[in-house]
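Report on one structure; see the data block that follows.
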Amino acid sequence: QVQLVESGGGLVQAGDSLRLSCAASGRISGNYAMAWFRQAPGKEREFVARVIGNNENAYYADSVKGRFTISRDNANNTVYLQMNNLKPDDTAVYYCARHTGFYGSRTSSGYYYWGQGTQVTVSS
């Protein structure tokens, strides 16, 4: 059983940075893709970024590309999301998730383990 706990959210101003962390109670290992999703009020949950292997490859939603960086520390069972140049549209609850497979996907399908989420609010 794997439990995921996100932290690092908060209230910031546009242009600021935040780093989210996702601590796993069990091994995340390089065998499973890890991802961040987010859900804004009144909107569906959307893909933000995913990382596979030992940071071999990372994939991003177009809306965050160039501003966000996902990384993982398999030895410490932690996944990070560095968010720079934040915008009000980034306001959402951010969720960490572990896929059942190596490559993962851009949809929530196949992500069996989810954290409880951490709130990120960006003011203009």
Side-chain angles (χ1 to χ4, degrees):
Q1 187 74 8
V2 175
Q3 291 186 330
L4 304 175
V5 179
E6 302 95 335
S7 62
L11 172 62
V12 297
Q13 293 186 332
D16 286 350
S17 298
L18 277 176
R19 187 175 83 155
L20 305 183
S21 298
C22 171
S25 61
R27 292 188 68 234
I28 55 174
S29 83
N31 294 327
Y32 307 102
M34 298 294 298
W36 288 93
F37 287 79
R38 67 186 182 186
Q39 187 167 18
K43 296 186 177 181
E44 293 185 353
R45 188 172 298 186
E46 65 174 0
F47 169 80
V48 175
R50 81 180 193 271
V51 61
I52 65 173
N54 187 22
N55 294 309
E56 292 159 6
N57 281 296
Y59 306 89
Y60 299 92
D62 288 344
S63 59
V64 307
K65 198 172 296 182
R67 299 188 298 122
F68 290 12
T69 302
I70 187 172
S71 62
R72 63 194 296 170
D73 181 347
N74 292 332
N76 291 306
N77 298 320
T78 305
V79 181
Y80 302 99
L81 185 68
Q82 177 66 43
M83 306 186 295
N84 298 329
N85 190 22
L86 283 160
K87 304 176 180 180
D89 284 348
D90 296 319
T91 295
V93 177
Y94 283 71
Y95 298 91
C96 172
R98 199 200 84 170
H99 200 268
T100 54
F102 179 80
Y103 289 102
S105 69
R106 300 175 71 91
T107 69
S108 59
S109 173
Y111 289 92
Y112 187 77
Y113 297 104
W114 292 83
Q116 84 290 346
T118 184
Q119 177 71 47
V120 172
T121 304
V122 185
S123 63
S124 58

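Side chains included, hydrogens not; waters and symmetry mates left out as well; all remaining heavy atoms used.
Of all the heavy atoms in Ala92 and Tyr94, the pair that sits closest is O-CD1, 3.4 Å. Looking at every heavy atom in both residues, Leu18 comes nearest to Val120 through CD1-CG1, 4.0 Å. Of all the heavy atoms in Thr78 and Ser21, the pair that sits closest is CG2-CB, 4.5 Å.
Judged by distance alone, the side chain of Ser109 and the main-chain N or O of Thr107 form no donor-acceptor pair under 3.5 Å. Of the possible polar contacts, one joining the Glu6 side chain to the Gly117 backbone as a donor-acceptor pair under 3.5 Å is found.
Atoms OG and OH, from Ser25 and Tyr113 in turn, are 9.0 Å apart once rounded to the nearest 0.5 Å. Expressed to the nearest 0.5 Å, how far NZ of Lys87 lies from OG of Ser124 amounts to 13.5 Å. With rounding to the nearest 0.5 Å, the separation of CD in Gln3 from CG in Asn77 is 13.0 Å.
Tyr80 and Leu4 fall into different hydrophobic clusters, defined by Ile, Leu, Val, Met, Phe, Trp and Tyr side-chain heavy atoms under 4.5 Å apart, directly or through other members. Side-chain heavy atoms closer than 4.5 Å link hydrophobic residues (I, L, V, M, F, W, Y) into clusters, and following such links, even through other members, never connects Val93 to Val64. The cluster map of Ile, Leu, Val, Met, Phe, Trp and Tyr, joined by side-chain heavy atoms under 4.5 Å apart, puts Tyr95 and Leu81 in different clusters. Using a 4.5 Å cut-off between side-chain heavy atoms of Ile, Leu, Val, Met, Phe, Trp and Tyr, with links allowed through other members, Val51 and Val5 fall into different hydrophobic clusters. Note on Tyr60: it does not cluster hydrophobically with Ile52, by side-chain heavy-atom contacts below 4.5 Å among ILVMFWY residues.
Ring-plane geometry between Phe37 and Phe47 is classed as perpendicular, the angle between the planes exceeding 60 degrees on a 0 to 90 degree scale with a lower cut at 30.
Contact of the Ile70 side chain with the Val79 side chain is registered, since non-hydrogen atoms from C-beta on lie closer than 4.5 Å. Between Thr91 and Gln119, the closest side-chain pair of non-hydrogen atoms falls below 4.5 Å.
Residue pairs that meet the salt bridge (Lys or Arg N to Asp or Glu O under 4.0 Å) test with at least one member in residues 44-61, sequence neighbours left out, are Arg38-Glu46. Applying the salt bridge (Lys or Arg N to Asp or Glu O under 4.0 Å) rule to pairs touching residues 67-85 yields Arg67-Asp90, sequence neighbours excluded. Evaluation of the salt bridge (Lys or Arg N to Asp or Glu O under 4.0 Å) test over residues 109-124, restricted to residues two or more places apart or in two chains, returns none.
For Arg19, the side-chain hydrogen bond (donor to acceptor under 3.5 Å, both in side chains) test picks out no residue, with sequence neighbours left out. For Lys43, there are no side-chain hydrogen bond (donor to acceptor under 3.5 Å, both in side chains) partners at least two apart in sequence or on another chain.
Dense packing is recorded around CD of Gln116, with more than 12 heavy atoms of other residues, nucleotides or ligands lying under 6.0 Å away.
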Which atom pairs, donor and acceptor, lie under 3.5 Å between side-chain atoms of residues 96-104 and protein residues at least two apart or in another chain?
residue	atom	partner	partner atom	Å
His99	ND1	Gly101	N	2.8
Thr100	OG1	Gly110	O	3.3

